Amino acid sequence: MTTHKNNSDLNLHLTSSDPPWRNQSSSISSASSVRNEIQVAVNNHSQNHSQHNIDLKIHDIVGNGVSGVLYKWVNYGKGWRPRWFVLLDGVLSYYKIHGPERIVISEETEKGSRVIGEESMRRISRHNGTHHHHKNGNSNSNNFGKSRKPVGEIHLKVSSIRESRSDDRRFSIFTGTKTLRLRAESLEDRTAWMETLQAVKDMFPRISSSELMAPVDNISISTEKLRLRLLEEGVSETCILDTEQIMKSEFATVQNQLLLLKHKCSLLMDTLRQLETEKVDLENTVVDESQRQIQGVGASTFPRQDKYSESASESEDENERVDAAEEDTDEEDNTFFDTRDFLSSSSFKSNGSEVRTSSFSSGDDEIYDFDWEDGVDPAIRYAGRNFPHVKRRKKLPSPVEIEKGVSLWSLIKDNIGKDLTRVCLPVFFNEPLSSLQKCFEDLEYSYLLDRAYEWGKRGNSLMRILNVAAFAVSGYASTDGRICKPFNPLLGETYEADFPDKGLRFFSEKVSHHPMIVACHCEGTGWKFYGDSNLKSKFWGRSIQLDPVGTLVLEFDDGEVFQWSKVTSSIYNLILGKLYCDHYGTMRIQGNCNYSCKIKFKEQSIIDRNPHQLQGVVQDKSGKTVATLFGKWDESMHFINEQRCSKGKSHDSPSEAHLLWKCNKPPEFPTRYNLTRFAITLNELTPGLKEKLPPTDSRLRPDQRFLENGEYETANAEKLRLEQRQRQARMMQERGWKPRWFALDEETKSYRYVGGYWEAREQGNWESCPGIFGHITS
């Protein structure tokens with residue numbers, strides 16, 4: 001038996017001679033027996049604290065620490081994830097127990113530690129069995145020798161602990177700069193953890209900030225003893241006075257040095273708080289779920305989802321994958337200045353940067369420019385404007401029926417945690433567009449690519465990548481308020497967009513059912529844009545997280561190529577409150593010539609009054625920043641040329657900023673789907689178009705067409721019929737089905753357009769395109 005003793009008032013027997021895992025029942029309840037003894041020790045210590053100056057360590061209270069499994073809230077995408085928590089010497093550390101960064105939990109690593117919870121005991125037993133198996137097999141278990149590096153640490157001395165009122169298994173730890181939200185396996189486990197943590201915290205003396213930083217003044221010093229000693233030695237009065245003055249002077253110097261050190265300590269504490277705040281940002285800690293609920297708002301019955309499609313289901317192994325979002329950090333500054341204040345400043349307006357508008361040929365969209373400098377080639381000024389006019393519709397057809405509301409909760413309560421492809425929803429939750437057509441929405445501001453092409457032709461690679469960056473961001477502008485779900489295409493479904501008024505031709509095809517992959521190819525004036533898209537989506541009850549998989553490629557005729565991937569998107573408040581979507585993460589645009597670009601999308605917080613902000617940098621090959629970007633993905637984007645900033649002006653000065661892109665105006669006739677002017681035209685069948693389309697085109701999909709016309713009952717019936725038909729797609733794919741217009745590139749593992757579509761369209765030869773939509777009801 002081990003006895004820890006500090007003085008006569010503190011003699012505790014807190015550790016058993018047997019390790020806690022030897023007796024599971026006693027181990028599980030160990031914290032309950034510990035907490036009473038701890039409280040006694042705390043009371044004794046408090047009573048004697050004023051009498052004894054004791055350097056009492058937490059180790060003397062809890063032996064070799066307390067450990068066990070707790071579930072930590074990560075974010076709305078990942079939810080609750082298990083972590084191994086260890087309390088030792090007043091520091092609560094936690095470790096990952098899944099993924100490549102996991103730690104080993106065994107009898108050896110937790111020796112002497114008191115383990116809380118049945119799940120904790122099972123993990124120790126499982127690892128012990130695995131370890132013995134490796135030993136019997138003479139296998140080198142390198143993992144057992146790994147150093148234990150915690151993912152995070154909490155110092156209980158500066159923390160407060162609170163129980164949840166809504167869940168008897170949850171509790172939170174607040175440090176002043178971040179919140180750690182935890183959940184135990186049971187109420188008993190939470191009680192054990194709470195009382196243990198609180199008892200350990202109470203061991204630290206509470207010193208207020210005012211006491212800690214109180215000025216060191218009113219300190220008196222006496223020289224009486226010195227004077228008496230000098231008089232005994234027969235020293236003259238003059239010498240005694242000089243000695244006293246020297247001593248007082250030296251003491252004043254020491255006192256000033258102490259005050260300086262105290263000031264430095266205060267600055268150091270501020271720095272530590274700032275570092276902990278930045279660490280919180282990297283851990284993507286989110287606010288409590290209850291804080292996102294808006295009081296007085298009933299359950300939402302109109303869930304709408306932004307730009308995404310159903311995706312492949314994740315395997316059970318992926319549920320245990322490493323928390324990449326927690327680990328992913330960027331070296332750039334995470335601070336975002338207020339874009340709204342920046343753009344509304346008087347210096348920005350006085351610079352002559354008021355935007356000018358020039359109508360598209362269709363008269364619906366607008367091209368926004370900053371004031372061009374003298375000498376800019378007219379081909380650049382008018383890029384994207386010199387195309388023929390095509391008349392397109394400005395509103396959707398008036399609905400035939402009155403739409404009936406559907407209770408969201410009745411549909412999703414049994415589907416939490418499932419992949420979206422496994423959840424069949426009525427057309428009430430759809431918008432009259434397919435995922436293939438949504439891909440084409442990224443080309444709404446294709447004039448930016450026309451402009452980038454012209455800049456590159458004239459040798460200005462910097463302006464080229466700036467316009468490419470603006471194009472990459474502009475694709476998100478149409479997602480604001482778009483909370484409806486697009487139709488999931490059938491296997492082999494296609495969509496074409498021949499838009500002479502934009503100077504481009506676009507084509508897309510669904511090339512795989514599981515995983516759900518859509519491939520696209522677009523040809524413009526001097527450039528090609530292509531790629532494939534697979535969104536891994538997860539439904540978490542209150543939110544949906546969409547993680548894009550795939551690379552987008554932009555290829556100019558002069559050989560310059562840019563590649564990038566999209567950032568993470570999420571939709572929040574599916575049950576209560578106002579629905580909204582957000583995009584966050586870092587977009588990296590890699591070029592094969594002179595420059596690369598990195599754009600950070602700021603994640604929206606519950607108290608953010610200016611959401612949707614982004615900022616980025618353009619760097620040359622040496623890593624030097626040559627331009628900065630800032631703006632909002634749903635409004636506009638500006639840049640500052642770092643190489644040409646006026647001397648004496650800050651690089652963040654509004655007078656140095658130039659407009660790259662601005663979002664188009666909303667449609668004249670708004671839709672209940674919040675479609676943009678451009679999106680309203682995507683499903684339109686212009687005169688003579690239907691006869692030229694293949695039978696696989698999304699415009700001919702019956703349920704989507706009935707939804708657009710407001711025939712909701714018929715649309716639901718058609719959607720059910722096509723979903724039953726679509727269940728055969730997986731068997732078709734397993735039997736060797738291949739896409740008609742795209743082929744898998746074995747080197748890049750992405751789908752590339754093989755050609756031939758537009759030639760077949762000219763000839764009207766669609767023999768190789770089956771009628772995938774089948775019979776259309778009248």
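Side chains are part of it too, since the values below use all heavy atoms of this structure and drop only hydrogens, waters and symmetry mates. Keep in mind it's a predicted model, so treat the numbers as computed, not measured. In this chain, numbering begins with 1 at the start of the sequence shown.
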*Could you walk me through whether T586 and V567 pass side-chain contact (heavy atoms from CB on, under 4.5 Å), step by step?*
CA-CA 6 Å; T586 301; V567 297; 5.9 Å; no
*What are the two closest non-hydrogen atoms of A472 and M587, and how far apart are they?*
CB-SD, 3.7 Å
*Test of ring centre spacing under 6.0 Å for Y445 and W661*: yes
*Please report the closest heavy-atom contact between L436 and P489, naming both atoms and the distance.*
CG-CG, 3.8 Å
*asked:* Is the shortest side-chain heavy-atom distance between Q437 and F487 below 4.5 Å?
replied: no
*Assess R183 against Y71: is NZ or CZ under 6.0 Å from the centre of the six-membered ring, and within 45 degrees of the ring's axis?*
yes
*asked:* With a 4.5 Å cut-off on side-chain heavy atoms, are L675 and L396 touching?
replied: yes
*asked:* Side chains of Y476 and S569 only: does a donor on one sit below 3.5 Å from an acceptor on the other?
replied: no
*asked:* Quick check on side-chain hydrogen bond (donor to acceptor under 3.5 Å, both in side chains): which of N75, D547, D582 does T568 satisfy it with?
replied: D547
*Heavy-atom closest contact (R482 atom, A679 atom, distance)*: NH1-CB, 4.1 Å
*Would you please say whether a donor-acceptor pair under 3.5 Å links the side chains of S698 and E493?*
yes
_Are the side chains of E441 and L433 in contact, using a 4.5 Å heavy-atom criterion?_
yes
*Check: L707 and Y712 side chains under 4.5 Å, non-hydrogen atoms*: yes
*asked:* Salt bridge or not between K438 and E431? Use side-chain N to carboxylate O under 4.0 Å.
replied: yes
_Can you tell me how far apart CG (L156) and CD1 (I173) are? Round to the nearest 0.5 Å._
6.5 Å
*Roughly how far, to the nearest 0.5 Å, is CD1 of I161 from CZ of F174?*
10.5 Å
*Considering all heavy atoms of both residues, which atom of A469 and which atom of I589 are nearest to each other, and what is their separation?*
CA-CD1, 3.7 Å
*Locate the shortest heavy-atom distance separating S474 from L448; write the atom from each residue and the value.*
OG-CD1, 4.2 Å
*Closest approach of E153 and S93, non-hydrogen atoms and distance?*
CG-OG, 3.6 Å
*Hey, would you say the F529 and F506 ring centroids sit under 6.0 Å apart?*
no
_Of Y94, F171, W80, the residue whose pairing with L182 passes side-chain contact (heavy atoms from CB on, under 4.5 Å)_ = F171
*With a 4.5 Å limit on heavy-atom distance, are the side chains of S636 and L659 in contact?*
yes
